[in-house]
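Quick caveat: nothing in here was measured; it's all calculated off a predicted structure.
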Amino acid sequence: MKSCHHEEKNGQDQSSRLKVGFVLARSFTLSAFAMFVDTLRLASDEQDRSGRVRADWQVLGSTRHLIASSCGVQVAPTSDFVDPSRFDYIVVVGGLLNREEPVDRETVAFLKLADAKKIPLLGVCTGTFILAEAGMMANHDVCVSWLHAKAFRDRFPDLSVRSDRIFNLDRRRGSCAGGSSAADMAAALVRRHISPEAERNALEVLQIEKARSHLEVQPRRPLYEEYKDSRLRAVMIMMEQHLDGDMPIAQLAASVGVTRRQLERIFEKEAGMSPARAYAKVRLERAKVLLAQTKLPMIDIAMDVGFHTASQFTRSFKREFGQTPSRVRSTLMGVG
């Protein structure tokens with residue numbers, strides 16, 4: 001009786017399970033792959049039993065040769081390239097950008113076949129570069145890590161790219177920054193195709209308090225790390241430590257042993273903007289994070305970043321980002 005029930009359960013799950021095929025690039029990022037597949041594994045069964053009850057997955061490859069990750073750990077494909085229609089999603093996990101051929105021609109052909117059959121393609125980490133190189137990201141928003149945003153723009157100037165969100169699901173395309181955001185994107189698929197309870201089970205076992213939504217702002221290094229001049233970096237650190245705007249430019253200059261005029265020349269040369277403009281940018285970037293991650297009233301955010309009135313803050317914010325703070329907040333919160 002138990003055996004019959006088991007077979008019936010498996011037969012039912014074969015047609016209803018969330019099925020994901022993984023394509024791993026040479027020198028792929030192991031953490032991003034592991035976070036994605038483990039979210040599926042833990043959502044597929046109760047607690048940590050790892051049964052393929054509500055989800056199934058395969059690592060696909062043109063050969064069964066081991067694929068080395070960027071950290072040296074190797075993973076063996078579990079399936080040849082089969083009919084992509086067997087899967088609900090094909091996930092391309094990228095890695096190091098200095099690999100001239102991260103995937104072979106057979107892999108590109110398989111991805112194009114999947115696209116032709118309208119199977120959603122998801123780029124994880126730099127997997128988005130692979131999809132873009134194959135011409136499959138046109139007319140889609142592409143989410144990449146801030147670390148790779150410039151490289152993506154340089155390589156694909158005609159594509160729409162953003163590095164503020166942790167992941168993006170855009171019709172039959174998806175993309176994420178990599179790292180832990182791979183678990184967030186996988187959790188969104190679990191919630192959509194299995195259940196919120198399955199998502200919760202996976203995250204609890206992974207010791208993740210809750211999944212972040214696609215509206216979450218990417219954590220990133222401070223702005224000052226983009227510049228080489230140590231004096232400019234030191235001044236921008238001070239700006240970030242005084243977000244209320246109470247540090248006069250002359251005092252910032254004196255803190256690194258230069259005059260205000262010398263500091264202005266340094267900023268124009270290195271950053272292409274004045275110190276005052278950079279200070280405003282630092283404060284407004286902080287305001288954008290507060291809008292996305294808190295429910296603070298607009299006037300409190302304005303005061304926190306050194307504006308005396310909400311109207312003054314709104315004008316400066318719109319000049320910087322092209323939208324009012326309230327509009328940005330409603331967009332980030334999924335309203336309107």
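Between the CG atom in L290 and the CZ atom in R329 there is a gap of 8.5 Å [rounded to 0.5 Å]. Distance check: L96 CG to R26 CZ gives 13.0 Å after rounding to the nearest 0.5 Å. Once rounded to the nearest 0.5 Å, the distance linking CD1 of I119 with CG of L113 reads 9.0 Å. In this structure, CD1 on I266 lies 10.5 Å from CD on E264, to the nearest 0.5 angstrom. The OG atom of S255 sits 8.0 Å away from the CG atom of L263 when rounded to the nearest 0.5 Å. To the nearest 0.5 angstrom, S175 atom OG is 5.0 Å from M137 atom CE.
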- Stepwise side chain to side chain donor-acceptor pair (under 3.5 Å) check, S181 with D184: CA-CA 5 Å; S181 69; D184 296 301; 5.6 Å; no

- Passes side-chain contact (heavy atoms from CB on, under 4.5 Å), F156 versus D158? Steps please. CA-CA 6 Å; F156 310 108; D158 296 329; over 6 Å; no

- Test log, rule side-chain contact (heavy atoms from CB on, under 4.5 Å), inputs R173 and N168: CA-CA 8 Å; R173 292 292 181 272; N168 189 59; over 6 Å; no

- Message: salt bridge (Lys or Arg N to Asp or Glu O under 4.0 Å) for R286 and D304? Distances and angles first, verdict last.
- Response: CA-CA 9 Å; R286 175 58 181 167; D304 281 353; over 6 Å; no

- Would you check, one step at a time, whether the test side-chain contact (heavy atoms from CB on, under 4.5 Å) holds for T126 with V144? CA-CA 7 Å; T126 61; V144 301; over 6 Å; no

- Message: Please determine whether side-chain contact (heavy atoms from CB on, under 4.5 Å) holds for the pair W57 and S44, giving the CA-CA distance in whole Å, both sets of side-chain angles, and the decisive distance to 0.1 Å.
- Response: CA-CA 10 Å; W57 53 92; S44 179; 4.3 Å; yes

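Tracing side-chain contacts under 4.5 Å through hydrophobic residues (I, L, V, M, F, W, Y), one reaches L111 starting from L159; they form part of the same cluster. Residues V190 and L206 are members of separate hydrophobic clusters, defined by side-chain heavy-atom contacts under 4.5 angstrom among Ile, Leu, Val, Met, Phe, Trp and Tyr. V73 and V23 fall into different hydrophobic clusters, where Ile, Leu, Val, Met, Phe, Trp and Tyr are joined by side-chain heavy atoms under 4.5 Å apart, directly or via other members. Note: the hydrophobic cluster containing Y279 also contains L232 (ILVMFWY, side chain heavy atoms under 4.5 Å, direct or indirect links). Connection of V20 to V103 is not established within any shared hydrophobic cluster, with ILVMFWY side chains joined at heavy-atom distances below 4.5 Å, either directly or through further cluster members.
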Return all side-chain donor-acceptor pairs below 3.5 angstrom for residues 127-135, not counting sequence neighbours, or 'none' if the list is empty.
from	atom 1	to	atom 2	distance (Å)
T128	OG1	C125	O	3.4

Show the atom names and distances, to 0.1 Å, of all donor-acceptor pairs under 3.5 Å that link a side chain in residues 268-275 to residues at least two apart or in another chain.
from	atom 1	to	atom 2	distance (Å)
E268	OE2	S274	N	3.4
S274	OG	R277	N	3.1

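Within a 6.0 Å radius of CE in M303, other residues, nucleotides and ligands contribute 12 heavy atoms or fewer. The neighbour count for E106 CD, taken as heavy atoms of other residues, nucleotides or ligands under 6.0 Å away, is above 12. Heavy atoms of other residues, nucleotides or ligands lying less than 6.0 angstrom from CZ of R105 number 12 at most.
Shortest non-hydrogen contact noted between R212 and S180 is NH2-OG, 2.9 Å. Across all non-hydrogen atoms, the minimal contact from C143 to A177 is SG-N, 4.2 Å. The two atoms that bring I194 and R54 nearest to each other are CD1-O, 3.5 Å, heavy atoms only. Nearest heavy atom pair, residue A211 against residue E199, reads CB-OE2, 3.5 Å. The shortest heavy-atom contact between G179 and S31 is CA-OG, 4.4 Å. Listed here is the closest heavy atom pair of K117 and P84: CD-CG, 4.2 Å.
Judged purely by atom type and a 3.5 angstrom limit, S316 has no side-chain atom pairing as donor or acceptor with the backbone of F313. Side-chain atoms of R17 come within 3.5 Å of backbone N or O of R52 as a donor-acceptor pair.
Partners of D154 by salt bridge (charged side-chain N to carboxylate O under 4.0 Å, His left out), not counting sequence neighbours, listed by chain and number: K150. The salt bridge (charged side-chain N to carboxylate O under 4.0 Å, His left out) check on R172 picks up D115, with sequence neighbours excluded. Scanning for side-chain contact (heavy atoms from CB on, under 4.5 Å) contacts around T259 gives R261, Q262, with sequence neighbours left out. Residues forming a ring pair (Phe, Tyr, Trp, His ring centres under 6.0 Å) with F36 (at least two apart in sequence, or on another chain): F22.
Between S160 and D141, the side chains place a donor N or O and an acceptor N or O closer than 3.5 Å (distance only, hydrogens not considered).
Side-chain contact between Y227 and M236 is present, with at least one heavy-atom pair separated by less than 4.5 Å. F307 places a side-chain heavy atom less than 4.5 Å from the side chain of L284. With a 4.5 Å cut-off on side-chain heavy atoms, R86 and K19 do not count as touching. Side chains of V124 and F167 form no contact here, defined as non-hydrogen atoms less than 4.5 Å apart. Side-chain contact between Y89 and H193 is present, with heavy atoms from C-beta onward closer than 4.5 Å. Two residues are said to be in side-chain contact when any heavy atoms from C-beta on lie closer than 4.5 Å; L189 and L122 meet this criterion. With a 4.5 Å cut-off on side-chain heavy atoms, I67 and P77 count as touching. With a 4.5 Å cut-off on side-chain heavy atoms, I237 and E240 do not count as touching.
The only member of T78, D80, I90 that meets side-chain contact (heavy atoms from CB on, under 4.5 Å) when paired with L60 is I90.
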